[in-house]
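Note sheet for the following structure.
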Amino acid sequence: MNALLDLAARQLRADLAAAPARTRERFSPEGRAARCRTIAELRALAKRSVPKPIFDYADGAAWDEVTARRNLAAFEDVTLHPKALTDVSAVDLRTTILGGEVALPIIAAPTGLTGLQHPDGEVAIARAAHRAGTITTVSTMASCTLEEVAEASAGRRWFQLYVMSDRGLVDELLARATDNGYEALVLTVDVQVAGVRERDVRNGFSVPPRISLRTLAQGVAHPRWSAGFVANPRMVPANLGWEGSASATLAASVNKAFDPTVTWDDLADLRSRWKGPVIVKGVMRADDAQRCVEHGADALVVSNHGGRQLDGAAASIEALPAIADAVGDRAELYLDSGIRRGTDIVKALALGARAVMIGRALMYGIGAAGEAGARRAFGILDAELRVALALAGYPRAADLGMDAVSVR
Ligand SMILES: Cc1cc2nc3c(=O)[nH]c(=O)nc-3n(C[C@H](O)[C@H](O)[C@H](O)COP(=O)(O)O)c2cc1C
Ligand SMILES: CCCCC(=O)C(=O)O
């Protein structure tokens, strides 16, 4: 009996000694992110972790946000037809993207001003993508420089271009992307002008951020975020020479810098100048997809920019089947806008995408816990996708086809 009491006392003492470290770990951003079981839970954690205008910039969309909601809802109109009695003991998520193998059919979408969510920004996302065995896409509007990301991660990298009116700047960006090992050029074609994101307008979201009583109060309410921001303020896009520029709304800055005259001739010009693969992002129509292929595009991203540009546009999953039909095997197809679950990925692959891109899932991840949160986002989707594929009866993600789904 005494020996038993002695053992219990020793165990209690050990537990108490370890408690501070366990508590710290439990309430750290990393610990909290590790306990998120879904992308929705990561979103909720990000919402608590960063100032409201910063969360709203990532989470928000254009005008009434109809397309953003539709991006999610339209996945519910795609139903799965599971195949019975297949051996699913080994689920294989691998596929090839532009000739190189990736461990899972998920690519990090380009996101601008990522460093507002967490100072490690695109570096955190690139490292998490590399660890997951996949590709990261660095935006023209990135908070980290192309060089910083290249140095921080040895994984595959693509560069996403917005064509600026200053074509000298475009040439410089392309040269830097080439010099730093960015293998493909992703030309985004759905930001002819800035979409109107009313949450940003209401919040006075501006670049560089304007410090007001309201933003100070937000900073005080989010001390961990503020400490990171003060230590490493990522105020403006890092690759465009905007440092020291006057504060303006993001829309005003975009409309000043981006070139709205961009047409098919510019795609032809970029195609002839960029030596690696060219991917056109923001294609929503079969006729445009066909034309991209005729212009030598190697791949397309079927995307409505997460509903952040033209509100009222179709969900990208709704646009995919006709585009897949028009393109056939002449170009690779990826899909983004609304991916929150492994089953969304199954549906996109079945309807003709080779991979999906994820934007907000990673923004929530880094807002919640920097690189650890981005890793969690990949981890959640990877795990969900494995179970979904097993239950759908397709142990190889790459084997999914139209027979696995129907669209209501
Ligand atoms: C905060 C944020 C910033 C973005 N910035 C860019 C960008 O700079 N370039 C780009 O091509 N797309 C950008 N996008 C769009 C994403 O690449 C992607 O199309 C979209 O996020 C997909 O929808 P999802 O967020 O539902 O995954 C951005 C999206 C978000 C949420
Ligand atoms: C308006 C374009 C700026 C970056 C971006 O693409 C986004 O916030 O969605």
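Each ligand, and each atom within it, is numbered from 1 in the order the structure gives.
- Proximity of Ser337 to ligand 1 is established by a heavy-atom distance of less than 4.0 Å.
- Close contacts of ligand 2 with Arg308, meaning ligand atoms under 4.0 Å from a residue heavy atom, involve 7 (C), 8 (O), 9 (O).
- Considering each of Gly338, Gly112, Ala68, Gly306, the one bringing a non-hydrogen atom nearest atom 26 (O) of ligand 1 is Gly338.
- The N/O atoms of Gln309, backbone and side chain alike, include none that comes under 3.5 Å of an N/O atom in ligand 2.
- Considering only non-hydrogen protein atoms, atom 18 (C) of ligand 1 sits nearest to Asp336 OD2, 3.2 Å.
- In this structure, Leu267 and Arg291 have side chains that are not in contact, with every pair of non-hydrogen atoms separated by 4.5 Å or more.
- His295 and Trp264 have tilted rings, their planes meeting at an angle from 30° to 60° on a 0 to 90° scale.
- The CZ atom of Arg127 sits 11.5 Å away from the CZ atom of Arg131 when rounded to the nearest 0.5 Å.
- The shortest contact between atom 7 (C) of ligand 1 and any protein heavy atom is with Tyr162 OH, 3.2 Å.
- Of all protein heavy atoms, the one lying nearest to atom 6 (C) of ligand 1 is Pro110 O, 3.2 Å.
- Looking only at heavy atoms of the protein, atom 4 (C) of ligand 2 is closest to Tyr57 OH, 3.8 Å.
- Of all the heavy atoms of Thr188, the ones lying under 4.0 Å from any atom of ligand 1 belong exclusively to the side chain.
- For ligand 2 and Tyr162, the ligand atoms under 4.0 Å from any heavy atom of the residue are 5 (C), 6 (O).
- Arg340 has no carboxylate O lying under 4.0 Å from a charged side-chain N of Asp344, or vice versa, which leaves the two without a salt bridge.
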